[in-house]
S.K.: 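Take this structure first; my questions come after.
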Amino acid sequence: MTWHWARACRLKERDLQWLVLSDFERPADCYVRNPLNRGVCAACLDEDAEQGRDHYCRRSWAHVEAVACVKHGASLQVACQHCFRGGLFQFRLMSEGARLVCSSCASVISERGLRQPWQTRMLESMSAIGRAIAEKGRRLEDVMGAGRFLWAPLPNELPQITWLGASLPYGRSPSSSTVTAPLSILPLAWRAASLDAIAELAGPIDGREATVPPFVREAFRIFWEGGEEPAPEELAPAAQDESAGLQLRSDGEYRRLALEIIQSQAWKRMSSKAGRKRKRAIGRLMHRALSGG
C-alpha cells in the first residue's frame, strides 16, 4: 500500500515510509489497534506549534508500551484537559496550521503550562518492554505471555491483574479475554497498570524494588510452563489461646482462602449490602476463613 501511495503522490517510497504510523520492525500485536486507546503528548504538540509545524501523531504513540512520552516524561493523555471528556481527537485546519482538537469542545490539545510529573518508574518499564520487542526472540515471548497471564480470567471471572494489590484505574475493569495480545486492545490506563507487572514477570529490572507478590510470580511460572497448579496446603488449625503468637500462612494459602471466600454463596449475597454492613459481613467471612470455620 505504501508503494501505491508513493506512486500516486509521486514521492519516494522511502520518504513516505518515515511518515506512516506503523512499520515492519515489530509484530502487529505490538501496536494498539483502536486509535481511541492511543494517547498523545500535549508537550510534543506544543513544540510542533512553537516551531511552526502542523500537529502530527508520532508513530511511537501507537506502540503497546507507550503510556508516557519518552522525551518529556509525562503521561500520554486520551481525554481533553479543558472539558475532561474522552474520545478520539480530531485534526482541524486553523489559520496557524493543522491542530489536534477535542471533538467535544473543539479546544486545541495543549499542555497549557501545566507540566505533568516525570514518570520515572513507568518509563523504566516501557524501556524494558520496548527492548524485548525490538530484540524479539524469547524475551518477546515472555512479554506476550505475561500480558496474557495478567488478563487471564480467575474462577470469579476477574482478571489476574486484580491480585497484584496495585492501584488500578477507577471504574470497571475490561472483561478478561483469551486473545493472544491483550495489550493491543486495552485502554491506555489499563495498559499503564499492566506495564510494571509485565516488566517484572518477563524480566526483573535491576536495582528496582519488586512489586509483584511472590504467589503471583509462582502462578505465572505455572501458567507459562503449562503445568497444573499445585494442590493447596491443608489449613493450619487456628490458635485457641489468644496469647499465642501470630500464625502466618504461606502466600499460596492466603490466596486459596481468598478464592474460597469469593466463590462462596455468602459472597454472592454481598451485592445486596452496602456501606458498614458490607464491611462487617466481609470481616465475618475473613474471620471464619482464617479460623478454619
Side-chain angles (χ1 to χ4, degrees), residues 121-122 124-125 128-129 139 141-169 173-174 176-178 182-183 186 190-268 270 278-293:
R121 187 181 181 93
M122 191 63 66
E124 289 178 351
S125 299
I129 294 175
R139 186 58 63 85
E141 294 178 4
D142 291 342
V143 167
M144 304 293 280
R148 292 196 298 271
F149 164 75
L150 289 177
W151 287 93
L154 290 165
N156 62 349
E157 298 183 358
L158 291 175
Q160 291 273 4
I161 192 174
T162 56
W163 283 110
L164 293 182
S167 177
L168 298 176
S173 66
S176 300
S177 178
T178 56
L183 284 183
L186 285 175
W190 285 98
R191 280 191 288 120
S194 306
L195 287 186
D196 264 354
I198 290 176
E200 290 188 27
L201 291 173
I205 301 175
D206 295 335
R208 192 172 79 171
E209 181 183 359
T211 59
V212 177
F215 74 85
V216 176
R217 292 179 181 274
E218 177 63 15
F220 173 62
R221 184 190 65 78
I222 296 170
F223 173 88
W224 195 225
E225 292 178 356
E228 294 294 333
E229 191 165 357
E233 302 174 7
E234 291 295 327
L235 278 173
Q240 300 298 321
D241 185 1
E242 293 183 357
S243 63
L246 181 65
Q247 300 296 318
L248 295 179
R249 297 175 171 86
S250 66
D251 288 330
E253 191 172 354
Y254 283 122
R255 180 173 183 267
R256 183 178 68 83
L257 290 174
L259 284 174
E260 288 180 355
I261 290 175
I262 61 180
Q263 290 171 359
S264 66
Q265 291 297 322
W267 179 266
K268 294 178 181 178
M270 197 78 66
R278 180 180 178 88
K279 292 180 181 179
R280 286 196 295 267
I282 292 176
R284 286 195 296 270
L285 288 176
M286 293 170 60
H287 178 75
R288 188 183 306 165
L290 291 172
S291 63

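All values reported here derive from a predicted model rather than from experimental measurement. Because only heavy atoms are used, hydrogens play no part in the values below, and waters and symmetry mates are left out as well, while side chains stay in. Numbers for residues simply follow the sequence, beginning at 1.
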S.K.: Should Y254 and F215 count as side-chain neighbours, where that means a heavy-atom distance under 4.5 Å?
M.R.: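 No, every pair of side-chain atoms sits at 4.5 Å or beyond.
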S.K.: Any side-chain heavy-atom pair from L186 and W151 closer than 4.5 angstrom?
M.R.: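 Yes - at least one pair of side-chain heavy atoms lies under 4.5 Å apart.
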S.K.: So which atom in A197 and which in V212 form the shortest heavy-atom distance, rounded to 0.1 Å?
M.R.: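 Nearest pair, atom of A197 first, then V212: CA-CG2, 3.9 Å.
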S.K.: For the atom pair CG (L257) and CD1 (I262), what is the distance rounded to the nearest 0.5 Å?
M.R.: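 Nearest 0.5 Å value for the CG-CD1 distance: 11.5 Å.
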S.K.: Do you know the tightest heavy-atom contact between P159 and L150?
M.R.: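 Result for this residue pair: CB-O, 3.6 Å.
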S.K.: How long is the gap from CD1 on I161 to CG on D196, to the nearest 0.5 Å?
M.R.: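 Here the rounded value is 10.0 Å.
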S.K.: Roughly how far apart are L201 CG and W224 CH2, rounded to 0.5 Å?
M.R.: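 Nearest 0.5 Å value for the CG-CH2 distance: 11.5 Å.
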S.K.: Using a 4.5 Å cut-off on heavy atoms from C-beta on, say whether the side chain of M122 contacts that of L195.
M.R.: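 Heavy-atom side-chain distance check passes, below 4.5 Å.
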S.K.: Distance check, rounded to the nearest 0.5 Å: F223 atom CZ versus R148 atom CZ?
M.R.: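 Rounded to the nearest 0.5 Å, the CZ-CZ separation comes to 6.0 Å.
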S.K.: Are R121 and E124 ion-paired here, with the side-chain N under 4.0 Å from a carboxylate O?
M.R.: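 Between E124 and R121 there is no salt bridge, as every charged N stays at least 4.0 Å from the carboxylate O atoms.
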S.K.: Do L183 and I198 pass the side chain to side chain contact (heavy atoms under 4.5 Å, CB included) test, and can you show the C-alpha distance, the side-chain angles, and the key distance before you say yes or no?
M.R.: CA-CA 10 Å; L183 284 183; I198 290 176; 3.6 Å; yes
